[in-house]
Amino acid sequence: MKINVLNQKSGPTISKYIYGHFAEHLGRCIYEGLYVGKDSSIPNVNGMRVDVVEALKAINIPVLRWPGGCFADEYHWKDGIGPKETRNKMVNTHWGGVTETNHFGTHEFFELVRQLECEAYVNGNVGSGTVQEMSEWVEYITMGGTSPMADWRRENGQEEPWDMKFFGVGNENWGCGGNMRPEYYADLYRRYQTYVRQYGDKKIYKIAGGANVDDYHWTEVLMKNAHWLMDGLSLHYYVHPQGWEKKGSALAFDENEWYVTCEKAAHMDELITRHSAIMDQYDPEKRVGIIVDEWGTWFTAEPGTNPGFLYQQNTIRDAMVAAITLNIFHKHAERVHMANIAQTVNVLQAMILTDGEKMIKTPSYHVFELYKNHQDAELVDTYSSENNTVSYTVSKKDNQVTVSICNFSTTNTEEISLSLEQFGQVKEAQYIYAKEMNAHNDFDAPEVVSIQSFTDYKETNDGVSATVPPMSVTTIVIGE
Ligand code: AHR
């Protein structure tokens, strides 16, 4: 396959927020995964797991979305502040019917964000919450002066307001967030967002609840009735190879299911193209971003685990889904302003899995690591010969060109010939690959899929030629 890199032309910036994450009160994502409490024997800082925080910082986590998901539209933030012993408990009806202690609340979330050195994306409750409740939450978080909510925050130990860059007005309001019609939600969005006040000089980026998969009508109605009042419109799309009802196993699948999974991941391109075309009619400048704040694989929960906890293993196939999808987001960088893979730890397509004090990084984590250079880089235009099983990105930052290539064929090695208008030297080349379709890391074998140095390349007269194995993701960095 020949890839001609037109590196003299400038393209859009790939927002680092495309590399965002999502953490819901679901299964063992927050509790055990991220937060163990100060008294835990697992090493922690103010209750947050040191190993997990360090691993996420190592992939430059830019933003974390919280508290849901479906949980967001049942969450009453006032239950999650003040002394832990007096916090109200609730039933997490969506996710296993377990008791939610509310020990992880607003203060804990902002402590986590502080440790991760990332931005906060808080998702408000429209489905079962009031306008006043949402408005007061924003006041509690961001008001610097004297006010009832700001004073309450101080009483609870936080003097200064926090930075909250992103705020979501409801989640999946076509489903778990209230089963609304788009016309009804559009009106509610207009009303609720009015009271998401900006108290300081920092703008809050407001995100309206967007469509499920290919519900283009939802996008049409939201844009028509409220586009000038939003900064972003969300989109949710999950890959389940055998469909929503059966989903399919994370570990036991055949070659056909491998390809179905990759094709379903590639479907993201059509979804973004079509939603964006509708948005173009109201917002040709692409001011309003598509915020893909839930994406990734969703398989049948691992046998023997609580089905409501959505715990699944993560294989080299998940790595293909991550790479294919990130390449699509890059291609649409002008419109896709943020994306948040679901979910950070122990839930769905997780970066990290934990078992007590043990922690492993998944193949998906390693893709985020291999793709780090693309954060806030300029997308570089290319043209290439046809290839149905290769997906790639070329970007430019700090006088370096980064090329990432995902070869999702199960059998074919690919000869990639990169032709660059301006050529430097290969500074770094790394990859992940596997020989088995379901290769994965586990607690007793944590490095089965891990980043390795890639040496199967040659510098040529006008670029680089590389031989990439099947089931691999490779990143080559070229610079002066
Ligand atoms: O990520 C799991 C769930 O998927 C979220 O809570 C919900 O928004 C979506 O349906």
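Both backbone and side-chain heavy atoms feed into the values below; hydrogens, waters and symmetry mates do not. We count ligands from 1, going down the list as the structure has it; atoms in each ligand are counted the same way. Everything quoted here is computed from the prediction, not taken from an experiment.
Taking a cut-off of under 4.0 Å to the non-hydrogen atoms of E294, the atoms of ligand 1 that pass are 1 (O), 3 (C), 4 (O), 5 (C), 7 (C), 8 (O), 9 (C). Within ligand 1, the atoms closer than 4.0 Å to a non-hydrogen atom of L348 are 1 (O), 2 (C), numbered from 1 in the order shown. Residue F22 approaches ligand 1 through these ligand atoms, each under 4.0 Å from one of its heavy atoms: 1 (O). Less than 4.0 angstrom separates some heavy atom of Q343 from each of these atoms of ligand 1: 1 (O), 2 (C). Short contacts between ligand 1 and N171, defined as distances under 4.0 Å to a heavy atom of the residue, involve ligand atoms 8 (O). Each of the atoms 1 (O), 2 (C), 5 (C), 6 (O) of ligand 1 lies under 4.0 Å from some heavy atom of E24. Per-residue contacts place G69 under 4.0 angstrom from the following atoms of ligand 1 (heavy atoms of the residue considered): 5 (C), 6 (O), 8 (O).
Taking the six-membered ring where the residue is Trp, the centroids of F166 and Y17 are separated by under 6.0 Å. Checked against the 6.0 Å centroid threshold, Y75 and W137 count as a close aromatic pair. Taking the six-membered ring where the residue is Trp, the centroids of Y433 and H366 are separated by 6.0 Å or more. Less than 6.0 angstrom separates the ring centroid of Y216 from the ring centroid of H275.
Remark: distances from the non-hydrogen atoms of W95 to ligand 1 include one below 4.0 Å.
Comparing E172, Q349, H94 by heavy-atom distance to atom 10 (O) of ligand 1, the nearest is E172.
Here the OG1-CG distance, from T297 to L348, works out to 7.0 Å after rounding to the nearest 0.5 Å.
Within the structure, disulfide bond (SG atoms under 2.5 Å apart) contacts touching residues 275-319 (residues at least two apart or in different chains) do not occur.
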Only distances under 3.5 Å count here; give the side-chain donor-acceptor pairs of residues 175-185 to other protein atoms, sequence neighbours excluded, each with its distance to 0.1 Å.
{"residue": "Y185", "atom": "OH", "partner": "V169", "partner atom": "O", "Å": "2.5"}
{"residue": "Y185", "atom": "OH", "partner": "G209", "partner atom": "N", "Å": "2.8"}

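Where the criterion is an N or O separation shorter than 3.5 Å, residue side chain and backbone included, L310 fails it with respect to ligand 1. Ligand 1 has no nitrogen or oxygen under 3.5 angstrom from a nitrogen or oxygen of W298.
If you check which protein heavy atom lies closest to atom 1 (O) of ligand 1, you get Y238 OH, 2.7 Å.
A ring pair (Phe, Tyr, Trp, His ring centres under 6.0 Å) with F329 holds for exactly one of W295, Y237, Y19; it is W295.
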